[in-house]
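Report on the structure given below.
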Number of protein chains: 2
Amino acid sequence: MGLEHIKALFEPRSVAVVGASREPWKTGHIILKNIVEAGFKGKIYPINPKATEILGLTVYPSVSKVPDDIDMMVVVVPARIVPRIMEEAGEKGVKAAVIISGGFAETGPEGAKLQEEVVKIARKYGIRFVGPNCQGVNNPHNGLCASWPLIKKAGPLAIISQSGTVAATFEIWAEREGIGISKMVALGNRADITEVDILEYLGEDSNTKAIGMYIESVSHGKRFLEVAQEVTKRKPIIVLKSGRTAAGARAVASHTGSLAGEYRIYLAAFKKAGVIPVDSIEELYDVTKGLALLPKPKGNRVLIITSSGGSGIISTDYSELLGLKVTSLASETAEELRKVLPSYCIVRNPLDLTGDATAERYDVTLGRVIKDPNVDIVLTIFGDPIPDANNVVEKYYNKGKTIVPVYLGGGDVEEKEKALMHSKGIPVFPTPERGVKVVRALYEYTLHLEKVRRRSLS
Amino acid sequence: MGLEHIKALFEPRSVAVVGASREPWKTGHIILKNIVEAGFKGKIYPINPKATEILGLTVYPSVSKVPDDIDMMVVVVPARIVPRIMEEAGEKGVKAAVIISGGFAETGPEGAKLQEEVVKIARKYGIRFVGPNCQGVNNPHNGLCASWPLIKKAGPLAIISQSGTVAATFEIWAEREGIGISKMVALGNRADITEVDILEYLGEDSNTKAIGMYIESVSHGKRFLEVAQEVTKRKPIIVLKSGRTAAGARAVASHTGSLAGEYRIYLAAFKKAGVIPVDSIEELYDVTKGLALLPKPKGNRVLIITSSGGSGIISTDYSELLGLKVTSLASETAEELRKVLPSYCIVRNPLDLTGDATAERYDVTLGRVIKDPNVDIVLTIFGDPIPDANNVVEKYYNKGKTIVPVYLGGGDVEEKEKALMHSKGIPVFPTPERGVKVVRALYEYTLHLEKVRRRSLS
């Protein structure tokens with residue numbers, strides 16, 4: 001009943017949608033449609049006693065009538081019917097479920113009782129389930145979008161969220177940028193499966209390179225820490241924790257009935273487990289993307305290369321404010337660069353290639369800088385429409401230094417170059433500030449790994 | 001020689017582009033093309049001794065040969081030729097110029113001498129000029145894009161910037177969102193026209209509703225403060241100041257040869273003048289957009305309405321962290337809402353309309369909340385694909401409360417709704433965090449206006 005059932009949740013061979021609907025605006029229709037349109041390769045069984053065909057699929061009146069095994073079941077029926085559905089699913093041998101339906105613990109004592117009943121039935125049959133009152137799960141690597149909106153782009157980022165909207169926002173950004181998602185879970189009431197179960201699974205999931213989390217509280221503090229500590233040895237966990245203020249904590253209690261706890265205690269625990277805390281939804285996305293894809297730096301000495309003087313200065317400020325080291329070029333590097341760059345370029349840190357910089361000028365520069373012993377991280381800012389930026393970054397990416405590209409002010413050329421970088425698995429960030437925050441988090445995680453390594457040696 | 005010449009810069013009847021080129025990749029071509037494509041209604045005179053026609057326009061060998069007055073001149077020729085061009089322009093009676101060309105004070109003592117010479121000539125003839133070493137100016141209200149990239153969308157936001165890239169990024173965002181720009185100036189070396197001259201002009205410009213600035217230093221501290229103090233009585237000024245750290249200040253000295261000064265002294269001065277400081281390029285854009293378009297709140301009591309519990313909690317945290325008051329609903333409002341809303345909605349602050357909320361549910365809610373005496377600001381978060389959100393917001397916008405819309409997690413529906421809100425002059429923000437930061441800045445500016453009003457009465 002461990003990871004095997006969680007695996008059935010994300011990688012089922014067959015899915016039933018209980019409460020599948022013909023009405024296009026209903027959740028029971030949207031989810032069925034998304035599973036179909038995401039290209040799920042297994043069997044799909046819509047369940048609805050009042051229909052015979054939806055979206056060209058044969059509809060069954062109940063799960064028990066399906067002439068085949070069902071690995072996973074999505075439930076989109078009124079709350080009061082859910083216990084009966086779960087009983088039937090138990091008899092049928094369903095391994096995992098996603099209960100989308102609301103009307104449980106989040107609504108008061110009666111709903112809580114109903115939720116208890118569902119949990120009891122699930123335990124009896126060994127069904128593991130996400131929810132109730134949730135926005136579902138997504139595994140684009142298997143074409144299983146049992147959620148909304150429709151997100152198809154498969155990639156390296158996992159998102160675990162107590163908020164459906166935060167999860168959806170994260171997925172939409174990852175899809176728009178061509179980065180893609182490995183797994184998404186919107187946890188809802190966490191009556192059975194919690195963030196810890198998912199973390200355990202994602203720790204072993206080879207498609208997941210970094211795990212973003214939005215949480216209002218953790219279900220089991222001690223187990224969360226134990227699991228997180230293990231997982232962060234292999235891949236980064238990035239957490240946006242809300243309910244940090246008194247008013248926020250009261251709102252958490254109304255939202256999911258759980259205790260937000262003191263933020264400073266969370267921060268201390270995160271630090272111990274190597275979990276990276278972030279401050280906003282945007283930062284959650286940026287840092288998860290960056291830590292999934294950037295090579296680890298050898299240290300915190302940052303060199304800023306830019307075509308935009310202003311962006312260089314902003315990056316310098318942010319680097320210093322966030323505790324990174326704005327390094328100096330080795331004298332040989334500076335000498336060489338002065339020979340090959342136009343005289344009006346400013347050869348220091350920030351290294352200003354000025355507004356007429358081309359991809360070739362970046363190439364010439366990165367070619368030297370990549371050998372500089374004073375440099376660990378190269379924040380590489382393209383601050384104009386610079387075609388072919390993606391090729392230059394690719395050429396020097398993962399060649400001993402951590403190159404972190406930022407692209408802004410470039411209009412349509414920028415959009416094209418960013419998409420090309422992302423298609424090559426190179427993350428690029430839209431402002432200097434967001435780029436530097438990612439660098440800071442990457443360095444923090446690298447330090448943690450180093451500490452873990454030393455501890456295991458001693 | 002006061003505002004009249006600055007006016008000629010943005011609202012000329014005729015423009016000469018000195019150094020207009022036939023080669024599509026050259027700045028001298030791009031700027032000419034952008035002026036043409038932006039739909040400039042006045043006369044356009046390309047100047048180039050080696051061409052007769054570019055982009056279908058008659059080319060003149062020099063400004064002196066143009067058979068008409070020239071109000072404004074864009075200069076894109078090598079630095080050493082600029083003094084001669086300025087002499088000619090002076091003889092011709094040109095009122096204002098934009099010197100794009102680099103190779104002046106930013107390159108060292110020789111360039112500084114050349115720059116001095118240009119200033120001397122300009123003073124002799126009374127020409128006012130932006131630059132040198134700059135990315136130009138834009139006035140989409142007159143179709144005058146004497147800059148790059150091509151930005152055509154006219155709107156209420158002005159941007160004054162010491163960085164061409166920051167200005168371009170701001171313009172691109174404003175255009176993409178359908179908000180638009182009133183004026184853009186990339187200042188460059190500020191040899192003549194400075195941010196203060198532009199501020200003075202924009203203070204009187206009826207198309208400008210808010211002024212965003214990126215600065216590394218101010219040219220004349222005292223005059224800046226005097227002018228800012230006057231302008232902020234009529235419209236907000238939002239400033240991103242870089243060179244805040246020691247390393248940042250050193251980078252400023254290399255970029256524009258000016259002293260960054262201590263940030264805390266800037267902050268004190270900003271506060272006195274009612275200037276709103278911001279922390280990032282994104283925040284500069286968000287706050288300028290919000291302050292241009294949002295009605296002023298009567299106080300700092302925030303109510304959060306949301307379809308996304310998580311977004312509600314994040315907003316609550318941010319509101320409290322930024323010193324806003326997370327208010328309580330008046331008991332009558334709460335009672336009324338409990339009657340009209342589904343029982344599973346959470347009637348408190350944040351007011352959670354839950355994931356199946358429709359535009360109608362927002363309508364019903366806003367209709368009550370708008371009369372609540374405990375509420376000044378309604379952060380209205382759409383955290384799902386909710387069609388018609390724009391109509392509901394429009395219905396209650398500017399009806400006594402300050403409604404601040406946020407839209408996320410809504411995929412294509414969200415994009416459409418955001419565009420509709422922006423087309424109606426209603427600003428909408430992409431995350432709760434960014435929305436709350438705008439609310440905070442708006443409140444700060446409102447307090448300043450209140451202080452000014454009281455002072456003028458006493």
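A, B, ... follow the sequence lines: proteins, then strands. Residue 1 opens every chain.
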Which portion of [X] sits near chain B, non-hydrogen atoms under 4.5 angstrom:
X      : answer
A:I172 : side chain
A:R250 : both
A:D317 : both
A:T431 : side chain
A:T107 : side chain
A:F170 : neither

Heavy atoms only: give me the nearest [X]-[Y] pair and the separation to one decimal.
X      : Y      : answer
A:S242 : B:I313 : OG-CG2, 3.2 Å
A:G248 : B:T316 : N-CG2, 3.5 Å
B:Y318 : A:S280 : OH-CB, 3.8 Å
A:W148 : B:P385 : CD1-CD, 4.5 Å

Would you indicate whether the side-chain heavy atoms of [Y] and [X] approach each other to under 4.5 Å?
X      : Y      : value
A:Q135 : B:D384 : yes
B:P432 : A:I281 : yes
A:L408 : B:W173 : no

Ranked by heavy-atom pairs below 4.5 Å to chain A, first place among B:I346, B:V413, B:V326 goes to B:I346
Max heavy-atom pairs within cutoff under 4.5 Å with chain A, candidates B:S307, B:S343, B:A247, B:S315, goes to B:A247
**Report entry** A:R434/B:D279 ion pair, N-O < 4.0 Å
**Finding:** no
Hits for ring pair (Phe, Tyr, Trp, His ring centres under 6.0 Å) against B:F429, two or more places apart or cross-chain, chain-then-number order -> none
Highest number of heavy-atom pairs under 4.5 Å with chain B among A:A168, A:G111, A:S308, A:A249 belongs to A:S308
Scored by heavy-atom pairs under 4.5 Å with chain B, the best of A:E175, A:K241, A:E320 is A:E320
Within a radius of less than 6.0 Å around CD of A:E110, do more than 12 heavy atoms belonging to other residues, nucleotides or ligands occur? no
For A:E414, the side-chain hydrogen bond (donor to acceptor under 3.5 Å, both in side chains) test, sequence neighbours excluded, returns A:K418
Heavy-atom cut-off 4.5 Å, strictly under: side chain, backbone, both or neither for [X] against chain A?
X      : answer
B:A246 : both
B:D412 : both
B:E171 : neither
B:E415 : side chain

Is the side chain of A:T169 donor-acceptor paired with the backbone N or O of B:G409 at a distance under 3.5 Å, no angle test? yes
| field | Steps toward side-chain contact (heavy atoms from CB on, under 4.5 Å) verdict (A:L240, B:I314) | value | CA-CA 9 Å; A:L240 175 61; B:I314 291 171; 4.0 Å; yes
Between the OG1 atom in A:T354 and the CG atom in B:N133, the distance rounded to the nearest 0.5 Å is 8.0 Å
